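Each chain gets a letter, A, B and so on, in the order its sequence line appears, and its residues count up from 1. No experiment lies behind these values; they were computed from the predicted model shown.
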Amino acid sequence: MIAHIIVDVPVSRTNRPFDYRVPAWLSPLIQVGSRVVVPFGPRKLQGYVVGISENTEHGVDEDRLKDVEQVMDDTPPLTAELLKMSEWMSGQYLCPWVTAVQAMLPAVLKGKAQKWLTASDQLDERICANSGLLWELLRKRQLPLAEVEKQFPDEYMLIPGWIHSGLITTEYQVKDRITKKQQSFVKCLLSPEQMMEVLGSLSARADQMRRVLELFLQHPADSFSIQTMRDEFGVNRSALKSMEAKGWVAIEQVEVYRDPYANRRFVERKKPAFTLRQQEVLAPIIRSIQESSYASFLLHGVTGSGKTEVYLEAIEHTLAKGREAIFLVPEISLTPQMVERFKERFGADVAVLHSALSQGERYDEWRKIIRKQVKVVVGARSAIFAPFQNVGLIVIDEEHESSYKQEETPRYHAREVALWRAKENGAVLLMGSATPALETYALATRGRYTLLEMPDRVGHRPMPQVHVVDMREELHAENRSMFSRLLHEMIADRLKKQEQMVIFLNRRGFSTFVMCRSCGYTLNCIHCDISLTYHKSNHTARCHYCGYTIAQPAHCPECQSEHIRFFGTGTQKVEAELAKLFPGIRVIRMDVDTTSRKGSHEELLSKFRQGQGDVLLGTQMIAKGLDFPRVTLAGIIAADTSLHLPDFRAAEKTFQLLTQVGGRAGRHELEGDVVIQTYTPEHYSIIHATRHDYPAFYQDEMLQRRRTGYPPYYRLVLITFSHEDVPVVIRGAHVLGDFLRQRVASTTILLGPVASPIARVKDRFRFQIMLKYRDEPNVTELLTQATAAFEEWNKQQKVLMTIDVDPYVLL
DNA sequence: AGCACGCCGACT
DNA sequence: GTCGGCGTGCTC
């Protein structure tokens, strides 16, 4: 039996399966998709079985093959579908196959190979007497090399000699980081008759023991955790221990799932009646679910139109059909509110995967999925890899969100992976947004997705009234405050009426850089070509790319002036201004500083919900998904800071942001107002946002994209090169650029090589090539060839190259 | 990627 | 003569 295995060496040279013999004792355990340990050259590595057959397939005689050393799990963590999907991703996103596989598995399964030192039999107390390292080794038998290096740095160079003389040996071990949570459970060993007997003979003082026995008399077959015994029956551990000693009960360790929601009670909520519009959009979705064949929908519904109810109903129909559902949400909106809604509706059938979980908790949720103990997964981007076997529905909420794009290898887009998975499984793909991505809407208008519209809010609640304030006029009217007169007035009004407000600070593209007011000198990173950002908490200036940090200088390093300040409006500054203008105002501020602690995000929101604050003040993180009945005003400070970024999606992102924030106001009985403060009120993204007119924005923006040659008219591939030496990186970029230029279609545009917008990061110079194409059917094939040619040249160099297919970040 | 092997310069 | 620098090549 021969296993074809990809190993954990994510470089193109080793990006292919290697053949291994399967020893007889492992053959019952090994399967396609198994995680294994194999010898690879002089080391030992983790690998994944991608095929099993009777013969070798990769050019080596069978008798020269090495043996698979270990199979790591009793059930393979990769299903056949995931394996196929990872192979597709590797081609689509030009990443090593094993990297795609790793992206699908919880972090604890990514085993790292470690070198260990082992004591041989020759080692004795006499030899070890004057070496701390050998003494330690004699005691423990084995030590990881990395630890030895730290603990005994001065003996480190003696190791090769000891190995040579046979005192110690080295060995590789692959260890994953799996930890399973254990809990003690108590069960009764006595028959009911025996219990009665014991109860009768029990001392009058043995109160706790009596309670335990009475409990077991009522539930003879059950077992109870030690916690339950303590918390609910007032029986402490020592009483149970002595009962164990008498042989009445047994205490055993049972593996339990970490459940972050264990202490919460979820009340089932009644389904609201559907509006006519909801019924209309649901009809074709449900029909497709019933047919169990591939279909895709774009649900374009304004904020407050009741999209979530449509999703939940679709999921319910999928479960009724005996199939499973994946629900994707943007990282930022995986709020407790959202989770609650799912737990209320689907109870224990839901697994939740979000970034706040510890690695262990994440692994436990993942195991519930692979063991078929849940039917629904709610999660951010990577939840698209949930190891279900029979996916019937994939929902992508806020489909336009950029967090669905992974910004490191594999640089996949969850929407694209979802589309593949839906087609593969004959499943329904349902994408929803109030402001769909241009690419998605364009495909929907061309019939690739069925377009479903929900133009009205539930209950015919009006869209909020949107007011645009031209901040230039405010300045002319001598108002230098960050609040316009209108916003000021409305805040005062809401305070009087005791209604709540959301104030949103647009921080996109608004960095807090440090500049000297006297000579214009800005603080820059010495390793990267970008300015340092100011951090108030510890009074430092820090580089976002490499972490280089200096203390905020008191004097300008150039001209010695004292007038060196940080620029940019922070939430703290807005909070201070609010306090000054409206004495006694209660502000709940949400930003990185106030939400860094685990659970603090949730805490702040629930405080606001309970009315302990008048204003919820924050950045991006308060823009989405929040639904508070008493909020009747949304204020947007500096709406257009995100408009002037060197990003072809700047207008789109601004429109989305304004629409989303505007959607926070007046969602319930009370009507809402939105105030947008801007210096460019004439910009089409702002005009259309005030009128809630997505189609008009779409038309205008499509004209721009056509004019400038950007998606959806052109598709992009960004190839970035980096190296310490400018001439080397330029040569590398040209090797690849020339290869492509000779082969691309005449309609394809090749830009570069040019220096990247951020030309240096971590002391490496960066150059890039941008490929813009419309009719290039074999782009991935072409890029694969180009990569091979580049690798051939790169053998002598060490130029790093990354390929980003359909990039979001162009820096 | 890691690691071994191998071929040249500066030391005991 | 050997120790160790890092270029080159391979991993079933």
* Asked: Rounded to the nearest Å, what distance is computed from the CG atom of residue A:Asp19 to the P atom of nucleotide C:dC12?
  -> 11 Å
* Output every pair passing side-chain hydrogen bond (donor to acceptor under 3.5 Å, both in side chains) with a member in residues 800-811 of chain A, not counting sequence neighbours, ordered by first then second residue. => A:Lys405-A:Asp804, A:Arg411-A:Asp804, A:His413-A:Tyr808, A:Arg715-A:Asp806
* A:Pro39 near the nucleic acid: base, sugar-phosphate alone, or nothing, with a heavy-atom cut-off under 4.0 Å? -> sugar-phosphate
* **Ion pair A:Arg415/A:Glu399, N-O distance below 4.0 Å** => yes
* Structure fact -> note: A:Arg13, atom CZ; C:dT11, atom P; distance rounded to Å ~ 10 Å
* No-hydrogen, no-angle side-chain donor-acceptor test under 3.5 Å, A:Gln768 and A:Thr720 -> no
* To do: Would you indicate which nucleotide in B:dA1, C:dC12, B:dA4 comes nearest to any side-chain atom of A:Pro42?
  => B:dA4
* Protein-nucleotide distance (A:Ile5, atom CD1; C:dT11, atom P), rounded to Å -> 16 Å
* Asked: Do A:Phe648 and A:Tyr714 make the cut of ring centroids closer than 6.0 angstrom?
  -> no
* Structure fact -> Here the distance between atom P of C:dT8 and atom CH2 of A:Trp793, to the nearest Å, is 14 Å
* Asked: Roughly how many Å is it from CZ in A:Arg16 to P in C:dC10, rounded to a whole number?
  -> 12 Å
* Taking atom P of C:dT8 as reference, at what distance in whole Å does atom CG of A:Asn794 sit? -> 13 Å
* Any N/O donor-acceptor pair, A:Arg43 side-chain to B:dA4 base, under 3.5 Å -> no
* Asked: Looking across every strand, which nucleic acid part, if any, lies under 4.0 Å from A:Tyr20 by heavy atom: base, sugar-phosphate, or nothing?
  -> sugar-phosphate
* To do: To the nearest Å, give me how far apart NZ (A:Lys798) and P (C:dC6) are.
  => 10 Å
* Taking CG from A:Asp61 and P from C:dT11, how many angstroms apart are they, rounded to a whole number? -> 13 Å
